[in-house]
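Numbering of ligands and ligand atoms starts at 1, following listing order. As a basis for the values below, the full set of heavy atoms in this structure was taken, side chains included, without hydrogen atoms, waters or symmetry mates.
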Amino acid sequence: MRKYTIILLITAFLFGCQTTNNSFNNKEIINKKVDSLINIMTLDEKIGQMNQYNGFWDVTGPSPKNGDAKIKYNNLKKGLVGSMLNVRGVSDITALQKIVVEETRLGIPLIIGNDVIHGYKTLSPIPLAEAASWDMEEIENSARVAALEASAAGTNWTFAPMVDISRDARWGRVMEGAGEDPYLGSLVAAARVRGFQGKDLSKHNTIAATAKHFAAYGFSESGRDYNTVDISKNTLYNVVFPPFIATVDEGVRTFMNSFNELNGIPATGNSFLQRDILKGEWNFDGFVISDWGSITEMIPHGYAKDKVHATELALKAGSDMDMESHLYVKKLKELVNSKKVDISLINDAVSRILRVKFELGLFDDPYRYLDAERERKIINHPDNHKAVLEMAKKSIVLLKNENQLLPFKKESTQKIALIGALANDNNSPLGNWRTSSDNNTAVTVLEGMKKYSNNNLIYRKGADVITNYSGVVGFAQKVKINENDKSGFDAARIAAKNSDVVVMVLGEDGFQSGEGRSRTEIDLPGVQQELLEEIYKVNKNIVLVLMNGRPLNIDWADKNIPSIVEAWQLGTQTGNAIAQVLYGDYNPSGKLPMSFPRSVGQIPIYYNYKNTGRPGPSKQVFWSHYNDESNTPLYPFGYGLSYTTFEYSNIKIESKTLKMNNSINVSVELKNTGKFKGKEVVQLYIRDRIASITRPVRELKGFEIIELEPGESKKVNFNISERLLRFYSANDLWEAEPGFFDIYIGSDSNANLHEFFELINF
Ligand code: NOJ
């Protein structure tokens with residue numbers, strides 16, 4: 001404790017004993033404290049702050065050769081480590097914090113980062129699923145729960161939210177984002193930052209968030225992870241940037257750069273992104289962490305000639321902290337001494353890092369997150385389970401429900417066959433990104449449904465999705481798909497034949513999506529499609545429940561199966577959420593945050609495409625289309641049904657002209673025309689007909705979640721202002737250009753109630 005007291009005394013002496021209890025709002029005081037600390041730090045100590053090590057045991061990426069525990073341990077003692085990742089739990093983190101606080105000269109506390117992506121121990125749905133709820137309060141609350149648990153276990157900082165927009169379902173990491181749309185993606189990104197960081201970062205139950213991966217990682221060519229990104233300025237500004245801007249507006253404290261190159265320059269060495277845009281135009285005063293080993297990776301990218309060069313490029317471009325390249329700690333000093341790197345760049349990076357540490361209250365008390373009693377009480381608290389269950393129910397999307405097969409009647413004697421290995425899987429529903437959670441802790445669909453069944457439920461596996469896992473156990477494990485074993489088919493067939501209705505839970509293993517898990521085919525893996533077709537031969541009353549981390553290609557199922565429920569990977573409470581939806585205790589209200597293609601060949605497929613010069617449809621050959629497939633997706637962005645039905649009518653616009661500094665109202669009448677109380681996400685799309693750069697055929701610009709009783713109607717209003725119409729124009733400005741705009745309101749991105757107005761200059 002001695003060294004740490006010295007730091008406190010120094011800062012208190014210099015700044016009149018002002019405390020930083022509300023440090024998030026006390027930027028000026030913190031900046032002064034940071035400056036005073038920088039003044040007494042040696043170069044080694046400064047570089048140390050810029051070094052982040054992985055914990056000694058657990059990895060979320062390839063281990064660097066020299067990353068052995070002994071070097072790391074010695075460097076910790078020398079004050080050459082500013083942060084650690086993948087260390088979890090009060091006991092382990094206390095041990096590390098003690099080393100730096102008590103044994104280093106200045107006792108600067110570590111900031112502990114972890115991938116708290118959709119929960120810590122108690123898991124929410126994967127982020128893509130959460131985005132399907134379109135419910136910002138619930139998403140914020142889900143991140144809040146994650147922060148409560150993670151902070152109670154000693155984590156100060158999460159590497160979330162991932163705000164990468166992606167239009168490619170082959171990319172394994174679509175599960176970690178909010179889908180294809182910049183508007184929805186921006187709202188979700190902001191909600192997650194609010195949830196993690198809360199209102200006061202210095203509280204022991206809030207954690208710093210990270211906007212990642214800066215930038216354009218979701219546009220990796222052909223959906224192959226880590227692949228090249230080559231996109232236009234238009235796409236970068238109008239599609240990729242908005243969610244990042246939303247996080248900066250929300251006060252996100254850190255950014256992570258990305259593995260990909262962007263238009264020829266690796267993101268980690270990209271000063272346009274990190275210095276000009278992020279720290280310049282956007283005025284971001286937090287710090288940037290590299291992605292895992294991404295500084296070294298600039299060598300194979302063909303951008304840095306060796307490690308020293310990579311170090312120089314990364315620092316100059318604005319990467320403040322080095323995650324597991326081990327280069328800053330090894331090479332920065334020689335770069336400063338040889339005058340290739342100016343000390344002011346190091347001071348700037350260190351200031352940013354220290355600022356966040358001050359804001360977190362780590363200087364007030366480095367052990368404030370380290371209370372074993374709180375850890376015991378908060379982790380897995382029943383309230384957390386309640387919250388993730390709410391989130392899970394809201395994330396489910398009803399894709400099809402012919403003949404009202406759903407919801408099941410609760411007291412009925414209807415015989416139900418439950419089929420599919422995923423129905424009895426307590427691991428896959430946790431997804432792949434659950435490094436802090438315990439394996440096999442999800443409530444299974446079988447368990448969930450049993451709570452409703454009157455001994456009329458029979459379970460048969462049918463077929464395994466995978467045969468086994470291989471490689472490193474845990475986050476990095478690989479799956480081997482079951483391509484042959486159909487030995488369970490017969491038993492499943494018999495059960496289906498003897499039942500009134502069949503629930504089939506099919507989809508992806510939890511480790512088929514996520515980092516490094518791209519696919520070229522996105523159909524039901526292994527023998528599951530065959531199983532589905534075999535069961536269909538004996539019983540057509542099938543409810544298909546999908547479990548997956550990305551949009552799947554389910555064209556056959558859509559043509560043949562009467563009811564389809566998209567249940568993603570819903571986390572710890574999966575089985576309860578699905579059962580409550582199947583039995584009507586929760587009326588599904590989710591809407592797809594990503595288009596589902598009819599075939600992989602349509603990818604990238606997204607609703608906000610450009611019209612082209614030959615939009616068609618035409619009877620001729622020469623228009624923009626496929627000869628063997630329609631242009632449209634199987635299920636469009638924004639799509640999702642309810643057990644009830646909704647009717648839209650009476651679109652009304654207040655005025656056909658909008659002045660630049662004014663706003664106009666557009667309204668629509670929504671009626672619940674079905675038999676159930678239900679929620680509908682009323683969506684507003686706008687098209688900018690002519691502009692200095694071509695604009696999408698429509699863009700989401702607003703939505704409202706409306707709950708109605710059967711027979712009830714409501715007028716839903718949207719306010720349209722010039723601000724809503726802005727885009728990054730050919731003039732290199734965020735501006736709205738005068739001209740005509742179309743409005744569409746409805747239940748998905750095919751919404752067809754239409755109005756229009758003209759934006760005028762005065
Ligand atoms: C690599 C991933 O790209 C990043 O998102 C993650 O936060 C780090 N590994 C740390 O695990």
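Under the 30°/60° scheme for interplanar angles, the aromatic rings of Tyr217 and Trp171 are found to stand perpendicular. Below 30°, between 30° and 60°, or above 60°: for His213 and Phe259 the angle between ring planes is below 30°, a parallel geometry.
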**salt bridge (charged side-chain N to carboxylate O under 4.0 Å, His left out) assessment of Lys316 paired with Glu312** = CA-CA 6 Å; Lys316 286 188 170 162; Glu312 180 185 345; 2.8 Å; yes
**Request:** Test Ser595 against Glu180 for side-chain hydrogen bond (donor to acceptor under 3.5 Å, both in side chains), laying out the working first.
**Result:** CA-CA 8 Å; Ser595 310; Glu180 74 189 37; 3.0 Å; yes
**Evaluation steps, side-chain hydrogen bond (donor to acceptor under 3.5 Å, both in side chains), between Asp200 and Ser202** = CA-CA 5 Å; Asp200 183 354; Ser202 73; 2.8 Å; yes
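Contacts of Leu85 with ligand 1, taken as heavy-atom pairs under 4.0 Å, involve the side chain alone. By the criterion of a heavy-atom distance under 4.0 Å, neither the backbone nor the side chain of Gln52 is placed next to ligand 1.
Taking distance alone, with nitrogen or oxygen atoms compared against 3.5 Å, Asn86 stays at or beyond that limit from ligand 1. Polar contact with ligand 1: absent for Tyr217 (N/O pair, distance under 3.5 Å). Considering backbone and side-chain N/O of Glu176, none are found under 3.5 Å from N/O of ligand 1. Ligand 1 has no N or O atom lying under 3.5 Å from any N or O atom of Trp292, backbone or side chain.
For an aromatic pair to be called close, the ring centres must be under 6.0 Å apart, and Phe511 with Phe475 fails this.
Applying the 4.0 Å criterion to heavy atoms of Lys212 picks out, from ligand 1, the atoms 4 (C), 5 (O), 6 (C), 7 (O). Within ligand 1, counting atoms from 1 as listed, the ones closer than 4.0 Å to a heavy atom of Phe159 are 7 (O). Per-residue contacts place Asp291 under 4.0 angstrom from the following atoms of ligand 1 (heavy atoms of the residue considered): 1 (C), 2 (C), 3 (O), 4 (C), 6 (C), 8 (C), 9 (N).
Look at Met323 and you'll find a heavy atom under 4.0 Å from some atom of ligand 1.
With no hydrogens or angles considered, a side-chain donor-acceptor pair links Asn86 and Asn54 at under 3.5 Å.
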